[in-house]
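So that the names make sense, note that chain A is the first sequence line, chain B the second, and so on, each numbered from 1. Please read these numbers as outputs of a predicted model, since none were measured by experiment. Quick note: numbers below take in every heavy atom, side chains included, and nothing from hydrogens, waters or symmetry partners.
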Amino acid sequence: MTNANKIEINEIEKKSEDNIKIVVENLSKNFSVKSLGEKKAKEFTALKDFNIQVKEGEFLTIVGPSGCGKSTLLDILAGLSKPSTGEVYIDNKLLKGPALDRGIVLQGYALLPWRTVRQNIEFGLEIKKTPKSERKAISDKFIGLVGLVGFEDRLPNELSGGMKQRVAIARALAYDPEVLLMDEPFGAVDAQTRDLLQDELLRIWEKTNKTIIFITHSIDEAVFLADRVVVMSGNSGEIKEILKVDLPRPRNVGDVRTSPGFNWIKHHVSELLHNNDENYKKKVVSNVDVAEAISPSTTI
Amino acid sequence: MSNDTEVIKKYKEKNFEVDVSEKKHTVEGSKIKGLRSLIQIFDKNILIVLLLVLWEVAPRVGLVDRVFLPPISEVFVAWFKLFQKGEMQAHIAASLIRAFSGFIIALLWAIPAGMLIGWFKRVSNIFTPVLELFRNTAALALFPVFILFLGIGEASKIGIVVYACSWPILLNTITAVKNVDPLLIKAALSMGVTNFQLFRKVIIPAAIPTMFVGIRLSGTTSILVLVAAEMIGAKAGLGYLIQYAQYSFLIPSMYAGIITISIIGFIINKILLHLESKYTAWKPKAENQ
């Protein structure tokens with residue numbers, strides 16, 4: 001048995017025991033937007049009829065063009081914004097507001113600039129009222145996890161973009177939320193750092209088993225990281241399609257990114273985003289090796 | 001050997017910009033570095049020294065009227081005499097107490113008020129137009145009003161210091177609170193912080209740099225306004241000393257008072273600058289970005 005097959009089987013076994021972590025039911029969010037020079041405010045729909053169930057420990061990415069409501073969804077999931085209609089349940093409990101069971105990582109890092117790396121990571125622990133004696137051990141653990149040993153006492157303005165984002169991730173993980181919400185976290189770093197951070201994120205995810213909801217507008221990133229990809233439609237805030245990404249894990253940059261399976265899914269997502277619906281309604285992507293679905297000759 | 005004489009020659013000829021990077025750890029290099037810091041000390045202090053020399057020589061030589069600008073040596077003599085008699089200390093104490101009291105009272109009310117106004121949008125909309133009006137009035141022009149209401153005693157003087165100091169602190173605090181990075185607030189809110197925690201852990205630390213600019217401005221304003229107020233109506237204090245000395249033609253004492261106020265203002269500014277840099281060390285300075 002090859003390693004790839006072994007991993008697939010383990011995954012299938014895991015799935016049968018999966019709990020549903022997050023349930024989003026009929027979610028809609030409308031904004032009243034008044035432009036300059038207009039008398040009446042217009043209704044702008046950011047999200048419409050959003051329904052999804054996210055399994056525990058799943059890595060879900062949401063991809064879509066700018067302004068399609070992805071960030072609005074994340075705000076609602078974080079409890080920072082109230083939906084116009086619909087509900088969100090986490091662990092079968094109705095979501096009412098922000099809490100320490102979810103962590104958020106934003107594109108702009110949002111590190112408190114007057115606090116050192118360690119103090120930033122301990123911020124959530126202070127809110128959680130973790131006893132002071134335990135805080136150092138926890139922050140040490142996550143500093144090690146994101147690979148910033150030796151930088152504990154630096155201020156954010158002494159760090160590079162990639163390092164700042166690692167601190168943001170460590171801060172979100174430190175108080176042990178079960179769900180991690182990430183809003184284009186790697187959008188502000190350069191391409192090489194981005195690849196590095198993607199690998200590290202997957203490594204951290206595999207170690208900590210959090211449920212991750214990751215927003216991006218990079219199709220490449222969305223497919224590379226995810227178990228499932230939610231493709232949003234351009235202007236109506238609706239889900240276009242949810243695709244399963246059956247590529248084996250762990251995903252190494254070299255192998256996966258050049259594989260036909262990966263590129264087929266990317267192609268699929270790209271066509272969905274560019275509104276070419278007709279082309280893949282012909283093909284149904286299921287648990288079969290996607291390369292085979294295209295043609296047997298592409299299977300390696 | 002010849003290389004070194006060349007270097008020193010170039011140094012003496014031109015503008016002291018010598019690359020001593022290779023010579024830093026040699027005897028020659030340290031000599032040049034020593035010369036360099038001497039030059040720097042020279043540059044920093046030469047003008048002050050020249051001015052002092054001028055102040056001493058010009059009256060004696062007749063360049064300025066000796067009656068109106070006595071040589072600085074006479075001023076120093078008067079200065080020491082005032083200290084000997086204990087008068088200078090009394091004036092300094094009176095002025096400092098008034099200025100400090102006014103400054104502290106301004107801090108105590110303007111900072112909380114500024115935070116409230118900055119935080120609640122509607123309150124800010126209501127108050128800001130009036131505040132802008134008050135900020136642009138010359139505080140001293142209102143001193144007669146303070147005298148009418150508070151008399152010619154301590155109250156009116158401290159009152160005007162409070163008035164003059166309040167506006168920079170208040171307005172800067174409002175701006176500081178309004179301009180806290182909303183991303184920081186969002187990140188904190190996502191953890192479910194209470195409003196109190198948000199204020200204590202995010203808003204206040206973020207607001208401190210801008211607040212400090214207002215505080216520092218008020219510090220220097222307090223002395224300025226107080227001295228002027230003392231000139232108008234007081235029986236003690238440095239402003240009174242200057243005015244009284246001028247009326248009584250004790251001109252050296254008058255200058256002694258002026259020098260004292262300048263020194264005090266300088267020290268206060270230095271102290272506040274030091275405090276400011278301590279609490280805003282985390283902010284990247286504009287030049288370094």
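Heavy atoms of other residues, nucleotides or ligands lying less than 6.0 angstrom from CG of B:Asn45 number more than 12. Taking a 6.0 Å sphere around CD of A:Glu43, one finds it holds more than 12 heavy atoms contributed by other residues, nucleotides or ligands. The number of heavy-atom neighbours closer than 6.0 Å to CZ of B:Arg200, taken from other residues, nucleotides and ligands shown, is 12 or below. Atom CZ of B:Phe100 has 12 or fewer neighbouring heavy atoms from other residues, nucleotides or ligands inside a 6.0 Å radius.
With rounding to the nearest 0.5 angstrom, the OG atom of B:Ser190 is 8.5 Å from the CG atom of A:Leu181. The NZ atom of B:Lys201 sits 11.0 Å away from the CH2 atom of A:Trp114 when rounded to the nearest 0.5 Å.
For the pair B:Leu184/A:Tyr109, no side-chain contact is recorded, criterion being any heavy-atom separation below 4.5 Å from C-beta on. Considering only heavy atoms from C-beta on, B:Met191 comes within 4.5 Å of A:Arg171 through its side chain. With contacts defined as side-chain heavy-atom distances shorter than 4.5 Å, the pair B:Lys186/A:Asp75 qualifies. When side chains are defined from C-beta on, A:Leu112 does not count as touching B:Pro205, because their heavy atoms never get closer than 4.5 Å.
In this structure a side-chain-to-backbone donor-acceptor pair under 3.5 Å is missing from B:Asp181 to A:Ala110.
Interface remark: A:Leu80 contributes side-chain atoms only to the contact with chain B (heavy atom separation under 4.5 Å).
For the options A:Leu106, A:Leu155, A:Asp101, heavy-atom pairs under 4.5 Å to chain B are most numerous at A:Leu106.
Among all heavy-atom pairs drawn from B:Val202 and A:Phe123, the shortest one is CG2-CZ, 4.0 Å.
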